[in-house]
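The sequence lines fix the lettering, A, B, ..., with proteins before strands; numbering per chain opens at 1. Since this is a predicted model, take the numbers as computed values, not measurements.
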Amino acid sequence: MEGTTGSGLAAEKAKRLQKIDELRTTGANPYPYRFDRTVTLAELRDLHGGLEAGVETDFEVAIAGRIMLSRDSGKLVFATMRDRDGEVQLFVSKAVVGDDAFEAFKGLDLGDWVGVHGTVMTTRKGELSVKVQRCELLSKAVRPLPDKWHGLTDTDTRFRQRYADLIVNDDARRAFRIRHEIIASFRRTLHGRGFIEVETPVLHVEAGGAHARPFVTHHNTLDMQLYLRIALELHLKRLIVGGMERVFEIGRIFRNEGISTRHNPEFTMIELYQAFADYSEMIEISERLITQAAIDATGTSVVTIHGPTEQIQVDLAQPWRRARMIDLVAEATGVEVHPSQPVEQLRALAAEHGISVSPRWGSGKIIEELFEYTAEHTLIAPTFVTGHPVEISPLARVDRHDPYLTERFELFVGARELANGYSELNDPVEQRARFVDEQAAKDAGDAEAGTVDEDYLRALEYGLPPTGGLGIGMDRVAMLIAGVHSIKEVILFPTLRPEQF
RNA sequence: GCCCCUCUAGCUCAAUGGUAGAGCAGUGGACUUUUAAUCCAUUGGUUCAGGGUUCGAGCCCCUGGGGGGGCACCA
């Protein structure tokens, strides 16, 4: 623990802390306040990446970054510096910087942040480098970096210490870069179509807009129970009532459910609502948003889709399949189904497929179960599943051609649901009836059923224009475009059990 | 909640039930064009925790914990 011999973690930290003390005794600050850099390392490479080997320029730069590697060859030290977007080699010559500065440079540790003044050059082998004139410690790292070659692979450590993961794993940095590009792309596409970005409450008096178990919390001053939102839907549609016409929100959603490769208790959803549009417009926007995001994030609309048992390459720019839920079930089971059929008939079919059915379920819910068990896992390439039964779609408008179905779709890619949209139900009388059915289901013991949201009904009574709405799971889109298998790879700090220190 | 896998040095990994090891990092030394630099030497361990079996446990058994995968759950 004390002293600077040995080489465990404690000894390593002690040695570095001692270096900090020694710096301070010489009047140096191991944690200075700022550094004015002139170029980023990506800019440096853009400007000078084409230099031939063995060239020394007079081009002076000030750069800043973290020391990632160091190669000491006596009176010369080569180090690799990295900033957010690039790397460059530092060329440190004892003859150039002088004995004291040279020793000081050798005293740096991997992981230290430094600022460097120097000139641009290339080595004999052609490596773009900065010939260091002056090097300033910007922040001393007390803890050593993970393995310089193997990086960090332990998932526990990677997710708990995301900072360390980001320092050493290129793939981690890439995934979050892609996530950023996707979100930026979505915003651009929607701004281009006249959408306004809004923010609505996270704390809800009633957890509506979806079927999910909510997190419950409490407000002290109001002394009331509140729920973390499970969807954005109902507030955004209130804004359409208010005449905002085209709104969207990218927001965190909370669902008190299991954790898996596809689920995190808090995740990010985008929802958008467009007045005077219907679900067909939402289908078109879904396709456009995701395809454009892939292009913006990766430069190509071709993605590799990882299904449960297979993986395929798909060009998102090609039209996506559309199929009604009832037709997919018929295709999978060989039996025509429709929510107008007697519930006994559908129960029998479910039983044939080994699906246990709650006595509370009507025909529509059983059809959905049949779909999930028989058809969903086959939807690897992007597929819009449409025409959900009314029973399972309390906020969607009835299909203009079939009173048992709704004008609704869900997008499946890689057998995962990515999006959900519909022509919004805007008849306040019918909406109340649907809410009453939901409340009845909740009272009968369905923890995920909704309640009667009186304020939302009041809003509808002011008049919701014909509206198309859409929700897309941003994390899952990021998984698709980044080509990763777990949602934890696209959430910076995924939900984990607390660590014991 | 259930099932399976996993946990060894700071990191990446070894180790028939028989003295816990390697590479990297670290430390000391050599080297003015290296780039996972190289070469020589070298420090470093509560093997997740607690029990048990055994002459002897990193390894086998039990309990607990973290993580991963699957199931269940999840519009």
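Qualifying ring pair (Phe, Tyr, Trp, His ring centres under 6.0 Å) partners for A:H211, counting only residues two or more places apart in sequence or in other chains: none. Applying the side-chain contact (heavy atoms from CB on, under 4.5 Å) test to A:L492 and every residue at least two apart in sequence or in another chain returns A:R162, A:L166, A:F176. Every residue was checked against the ring pair (Phe, Tyr, Trp, His ring centres under 6.0 Å) condition with A:Y279, not counting sequence neighbours, and none meets it. Residues forming a ring pair (Phe, Tyr, Trp, His ring centres under 6.0 Å) with A:Y456 (at least two apart in sequence, or on another chain): none. Residues passing the ring pair (Phe, Tyr, Trp, His ring centres under 6.0 Å) test with A:H235, sequence neighbours excluded: A:H204.
Between the P atoms of B:A22 and B:A41, the separation comes to 13 Å (whole Å). Spacing of P atoms, B:G1 relative to B:U63, comes out at 16 Å, to the nearest Å. Atom P of B:G69 sits at a distance of 37 Å from the matching atom of B:U27, rounded to the whole Å. Spacing of P atoms, B:C31 relative to B:U43, comes out at 24 Å, to the nearest Å. As rounded to the nearest Å, B:G56 and B:G23 have P atoms that lie 34 Å from one another. Rounded to a whole angstrom, the distance from the P atom of B:U8 to that of B:A14 is 11 Å. Remark: the separation of the C1' atoms in B:A36 and B:A75 is 49 Å, to the nearest Å.
Nucleotide B:G1 forms a pair with B:C71, judged by Watson-Crick or G-U wobble geometry with both contacts under 3.5 Å. Across all strands shown, B:A22 forms a Watson-Crick or G-U wobble pair, both distances under 3.5 Å, with B:U12. Nucleotide B:A57 forms no Watson-Crick or G-U wobble pair with any nucleotide shown, as no partner meets the under 3.5 Å limit on both distances. Base pairing analysis places B:U38 opposite B:A30; the two distances defining the Watson-Crick or G-U wobble pair are each below 3.5 Å.
No engagement by A:A164 is indicated, since no non-hydrogen atom pair under 4.0 Å with the nucleic acid exists. Within 4.0 Å (heavy atoms only), A:T123 reaches at least one base atom of the nucleic acid. Within the 4.0 angstrom heavy-atom criterion, only backbone atoms of the sugar-phosphate kind lie near A:E257; the bases stay farther away. Among the protein residues, A:E372 comes within range of no part of the nucleic acid, since none of its heavy atoms lies under 4.0 Å from any strand. Using a 4.0 Å heavy-atom cutoff across all strands shown, A:G151 reaches sugar-phosphate atoms only and no base atom. Nucleic acid contact class of A:E127 (heavy atoms, under 4.0 Å, all strands): base.
Per the geometry, CG belonging to A:L69 stands 18 Å off P belonging to B:C11, to the nearest Å. To the nearest angstrom, P of B:A25 lies 13 Å from CE of A:M68. The distance from atom CG of A:L405 to atom C1' of B:A75 is 16 Å, rounded to the nearest whole Å. As a whole-Å value, the separation of A:W149 CH2 from B:C13 C1' is 16 Å. Across the protein-nucleic acid pair, A:D112 atom CG and B:A25 atom C1' stand 14 Å apart, rounded to whole Å. To the nearest angstrom, P of B:A75 lies 17 Å from CG of A:L370. Between the C1' atom of B:A75 and the NZ atom of A:K365 lies a distance of 7 Å, rounded to the nearest Å. Nucleotide B:G10 holds its P atom 6 Å from the CG atom of A:L9, rounded to whole Å.
Taking 4.5 Å as the limit, some side-chain heavy atom of A:R262 sits within range of a side-chain heavy atom of A:R476. For the pair A:R322/A:I283, a side-chain contact is recorded, criterion being any heavy-atom separation below 4.5 Å from C-beta on.
For residues 95-116 of chain A, every residue pair satisfying the side chain to side chain donor-acceptor pair (under 3.5 Å) rule, not counting sequence neighbours, is listed here: A:K19-A:D109, A:D72-A:K106, A:D109-A:K140, A:D112-A:K140.
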Give every pair of a protein N or O atom and an N or O atom of nucleotides 5-8 of chain B that lie under 3.5 Å apart, one pair per line with the distance.
none

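Residues from residues 73-83 of chain A placing a heavy atom under 4.0 Å of any atom in RNA chain B, listed by number, are A:S73, A:G74, A:K75, A:L76, A:F78. Within residues 389-400 of chain A, the residues that place at least one heavy atom under 4.0 Å from RNA chain B are, in residue-number order, A:I392, A:P394.
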Expected list for residues 349-357 of chain A: side-chain donor-acceptor pairs under 3.5 angstrom, two or more places apart:
none

If you look only at distance, which donor and acceptor atoms sit under 3.5 Å apart when one is on a side chain in residues 143-150 of chain A and the other is two or more places apart or in another chain?
{"residue": "A:D147", "atom": "OD1", "partner": "A:W149", "partner atom": "N", "Å": "2.8"}
{"residue": "A:D147", "atom": "OD1", "partner": "A:H150", "partner atom": "N", "Å": "2.7"}
{"residue": "A:D147", "atom": "OD1", "partner": "A:H150", "partner atom": "ND1", "Å": "3.2"}

What string of B, S and - do you get for nucleotides 66-71 of chain B, 5' to 3', when a contact is any protein heavy atom under 4.0 Å?
-> SSSSS-
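Phosphate contact (OP1/OP2 of B:A36, side-chain N/O of A:K148, threshold under 4.0 Å): absent.
Side-chain contact check for A:H388 and A:E410: at least one donor-acceptor pair (N or O, by modelled atom type) lies under 3.5 Å. With 3.5 Å as the limit, one finds a donor-acceptor pair spanning the side chains of A:E206 and A:T451. Remark: the A:T386 side chain and the A:R324 side chain contain no N/O donor-acceptor pair separated by less than 3.5 Å. Side-chain contact, A:T80 with A:E87: no donor N or O sits under 3.5 Å from an acceptor N or O.
When distances run from any side-chain atom of A:A95 to the nucleotides B:A75, B:U12, B:U32, the shortest one goes to B:U32. Distances were taken from every side-chain heavy atom of A:E368 (C-beta onward) to each of B:U27, B:A75, B:U12; the shortest belongs to B:A75.
By the 4.0 Å N-to-carboxylate-O rule, A:K488 lies too far from A:D475 to be salt-bridged with it. Under 4.0 Å is where a charged nitrogen must lie from a carboxylate oxygen, and between A:R397 and A:E407 no such pair does.
Distance alone, capped at 3.5 Å, is enough to place a donor-acceptor pair between the A:E391 side chain and the A:G362 backbone.
Between the side chain of A:H150 and the base of B:C11, no donor-acceptor pair of N or O atoms lies under 3.5 Å.
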